[in-house]
2 protein chains.
Amino acid sequence: MAASVNDKRGREGAPSGASPRRGEQTRALIVDTAVRLFAEHGYDQTTMRRVASDAGVSLGNAYYYFGSKEHLVEAFYDRLQAEIRAAAVPAIAGERDFATRLRTALHAAVDVMTPYHGFAGKLIKTATDPASPVSPFSEQSAPAREASIGLFREVVADSTTRLDARLRDELPELLWLGHMGITLYWVHDTSPGQRRTRLLIDRATPLVGRLVELTRLRVLRNVTHEVLELVRALRA
Amino acid sequence: MAASVNDKRGREGAPSGASPRRGEQTRALIVDTAVRLFAEHGYDQTTMRRVASDAGVSLGNAYYYFGSKEHLVEAFYDRLQAEIRAAAVPAIAGERDFATRLRTALHAAVDVMTPYHGFAGKLIKTATDPASPVSPFSEQSAPAREASIGLFREVVADSTTRLDARLRDELPELLWLGHMGITLYWVHDTSPGQRRTRLLIDRATPLVGRLVELTRLRVLRNVTHEVLELVRALRA
DNA sequence: GTCTATAGCAAGATAGAC
DNA sequence: GTCTATCTTGCTATAGAC
């Protein structure tokens with residue numbers, strides 16, 4: 001029909017060829033399919049062939065958009081981060097106590113991740129490879145990492161807890177590191193409903209709150225600053 | 001020749017078939033070959049077909065001894081642990097200061113691992129998968145883990161540093177966890193010769209030593225014991 | 001129990017045509 | 001951008017020799 005021909009006209013300046021949107025649509029379609037299959041059947045069961053055929057594209061086309069299966073994991077990871085942020089930010093909005101804000105944010109993260117617990121082992125396996133673009137420490141995942149650290153920056157920023165100025169600067173990144181550790185524990189947590197991870201969060205966050213306050217004591221101030229200096233040196 | 005027929009007679013009681021040693025020899029030959037190829041060409045480049053042919057055995061035979069490529073990694077890991085212990089124990093023998101013993105042991109571990117830095121990324125990738133038998137937290141690697149914790153038990157045991165009794169019990173396992181963390185850092189360390197990891201060890205161990213002593217202060221005693229209780233709760 | 005040879009599958013990845 | 005065909009490799013299976 002004539003109308004459908006008109007529909008294909010791009011709104012952008014480039015008049016040549018197909019709509020510049022089509023690529024993005026195909027890309028999103030592949031990610032959607034992959035994320036669904038990851039959750040339903042796990043990582044190994046989700047073959048690239050299956051993703052492609054379920055998405056209605058050829059295998060080669062899937063590889064045109066995602067250079068490897070790991071790149072699909074990367075896309076999945078980005079979505080997860082966004083979901084965690086979307087859940088955590090409103091959850092801590094009313095609270096002012098630092099330890100409580102931290103606890104709430106961490107529980108929100110676990111809530112979001114729970115449906116993927118079975119698949120998370122493979123996810124983290126890919127993430128730990130330094131050569132992988134998905135590695136949380138890699139150059140390529142810097143945006144996702146910064147976004148994640150940003151959440152902890154907010155946890156710290158809006159809390160009423162009094163903090164040493166230098167610690168306040170470094171704390172978000174340290175909390176993010178702690179979050180990585182909790183995630184690692186969660187992946188290995190075989191208790192029903194990952195109860196142990198919940199226990200860890202509930203009991204560790206008040207301790208972190210107390211320790212952070214203790215750093216203001218004279219006996220601990222020196223050692224605290226040395227730890228912070230070391231952290232800075234390791235990053236440079 | 002008649003002599004060679006005689007050579008085949010086993011020394012053990014079982015008179016049937018070939019020498020009982022033969023299997024172990026083949027097994028060792030395959031591991032030797034795999035470790036060498038891992039170091040020379042990395043993990044992905046080292047195919048099972050290549051390991052088998054370089055070792056002079058058939059592919060089927062390699063799989064007879066090692067159920068999967070990951071099992072080769074496991075064997076490699078066991079060797080590494082033994083080598084680390086063999087290097088660390090004599091290195092700390094004369095020293096009595098806790099922080100110095102810890103530092104020396106950690107440097108010894110890095111020394112042993114250095115030739116494999118390029119390949120370590122893949123190693124740790126396999127190790128992080130909770131489903132893998134190579135996971136340092138898995139049931140199957142309990143012997144290797146215990147051996148590794150044992151090294152830190154020795155670091156603590158023969159030191160003159162005065163320690164809270166409860167902390168003394170838990171410290172070896174906590175130090176082992178720290179060692180896992182350092183290893184993770186080392187794997188991601190792209191500085192020449194992994195200088196940053198050396199810096200981390202040199203500067204973190206005195207801090208650990210001071211912090212351990214500080215836990216004996218009255219202000220910190222409570223929070224210390226709560227941390228230790230949490231650690232126990234998470235293990236149970 | 002140890003080992004070879006060989007065939008073949010499944011799935012990640014690539015090449016080249018359209 | 002999209003497809004089909006093909007390659008590679010981890011892994012399995014089988015049948016048989018010693």
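Naming: A, B, ... by sequence-line order, numbering from 1 per chain.
Checking D:dG10, C:dT2, D:dT2 against the side-chain heavy atoms of B:Y63 singles out D:dG10 as nearest.
Nucleotide D:dC3 holds its C1' atom 15 Å from the CE atom of A:M48, rounded to whole Å. Between the CG atom of A:D44 and the C1' atom of C:dA11 there is a distance of 11 Å, rounded to whole Å. Spacing between atom CG of B:N61 and atom C1' of C:dT6 amounts to 15 Å, rounded to whole angstrom units. One atom, CD of A:Q45, and another, P of C:dA10, lie 13 Å apart when rounded to the nearest Å. Atom OH in A:Y64 sits about 15 Å away from atom C1' in C:dA17, given to the nearest Å. Rounded to a whole Å, the NZ atom of A:K122 is 12 Å from the P atom of C:dG12. Computed from coordinates, the B:R22 CZ to C:dC3 C1' distance equals 7 Å when rounded to whole Å. Rounded to whole angstrom, the span from the NZ atom of A:K69 across to the C1' atom of C:dA11 amounts to 8 Å.
Between B:P115 and B:V112, the shortest heavy-atom distance links the atoms CD-O, 3.2 Å.
Across all strands, B:T47 comes closer than 4.0 Å only to sugar-phosphate atoms, never to a base (heavy-atom distances).
Considering only side-chain N and O atoms, A:T26 lies nowhere under 4.0 angstrom from the phosphate OP1 or OP2 of D:dG1. Between D:dT2 and A:Y65, a contact under 4.0 Å exists linking OP1 or OP2 to a side-chain N or O.
No more than 12 heavy atoms of other residues, nucleotides or ligands sit less than 6.0 Å from atom CZ of A:R195.
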Q. Between A:E154 and A:R101, does a salt bridge (charged side-chain N to carboxylate O under 4.0 Å, His left out) hold up when you go through it step by step?
A. CA-CA 9 Å; A:E154 288 184 36; A:R101 285 172 71 84; 5.9 Å; no
Q.
Apply ring-ring contact (aromatic ring centres under 6.0 Å, His included) to residues A:Y116 and A:F38 and explain how you reach the verdict.
A. CA-CA 8 Å; A:Y116 306 103; A:F38 282 156; 9.0 Å; no
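For the pair A:V57 and A:R49, nearest-nucleotide mapping onto DNA chain D gives the more 5' position to A:V57.
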